[in-house]
Amino acid sequence: MPVFKTTVTPRTTAEFRNHDGDTDFSVGYKLGGGLAFQVAPNLMLFAEYRYIHSKPRWTCAIRDLNRTPVRLDLDTHAAVLGLSARW
């Protein structure tokens with residue numbers, strides 16, 4: 001089970017330059033599957049699909065005056081191709 005660290009630093013944008021940043025640690029999940037084909041005695045060609053999901057939450061505040069909770073669903077989809085050496 002993966003753990004994600006999400007940090008927001010809104011002061012780098014013109015719209016949120018007076019807001020404080022925040023950091024959140026959230027637990028997510030990862031699903032994946034793939035195939036591997038042997039192309040030489042110790043060499044494998046592989047292809048994988050990976051899906052990762054997390055729900056970070058943090059508070060966006062203007063110098064502790066106005067606190068607004070922010071919640072996101074972050075999803076990633078990745079295809080991985082490669083070679084692996086196995087002994």
Side-chain angles (χ1 to χ4, degrees):
M1 186 176 313
V3 176
F4 299 92
K5 177 185 176 185
T6 307
T7 301
V8 177
T9 309
R11 290 179 295 263
T12 60
T13 64
E15 295 84 9
F16 297 104
R17 67 180 168 268
N18 294 324
H19 288 67
D20 290 330
D22 198 7
T23 299
D24 177 66
F25 289 92
S26 59
V27 176
Y29 60 88
K30 174 181 150 181
L31 300 171
L35 298 170
F37 298 99
Q38 188 171 4
V39 294
N42 292 330
L43 192 64
M44 302 289 280
L45 178 65
F46 69 90
E48 294 180 357
Y49 168 77
R50 297 177 187 166
Y51 170 74
I52 300 173
H53 174 79
S54 73
K55 288 186 173 186
R57 299 174 183 190
W58 64 87
T59 302
C60 190
I62 302 175
R63 302 290 185 248
D64 293 326
L65 298 176
N66 184 13
R67 296 179 125 355
T68 303
V70 179
R71 297 181 188 110
L72 295 177
D73 284 334
L74 296 178
D75 297 315
T76 64
H77 300 269
V80 181
L81 301 172
L83 290 172
S84 65
R86 301 176 185 193
W87 279 268

Indicate every side-chain donor-acceptor pair of residues 23-32 with a distance under 3.5 Å to a residue at least two apart or in another chain.
residue : atom : partner : partner atom : Å
T23     : OG1  : T7      : OG1          : 3.3
D24     : OD2  : R57     : N            : 3.2

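- L43 belongs to a hydrophobic cluster with V39, L45, L83, counting contacts under 4.5 Å between side-chain heavy atoms of Ile, Leu, Val, Met, Phe, Trp and Tyr, direct or through other members.
- The OG1 atom of T76 lies 8.0 Å from the OH atom of Y51; values are rounded to the nearest 0.5 Å.
- Atoms OG1 and CG, from T6 and L74 in turn, are 6.0 Å apart once rounded to the nearest 0.5 Å.
- Here the CG atom belonging to D73 is positioned 8.5 Å from the OG atom belonging to S54, to the nearest 0.5 angstrom.
- Through chains of ILVMFWY side-chain contacts below 4.5 Å, I52 is grouped with F4.
- Taking all atoms of both residues into account, the shortest heavy-atom contact from Q38 to P41 is NE2-O, 3.0 Å.
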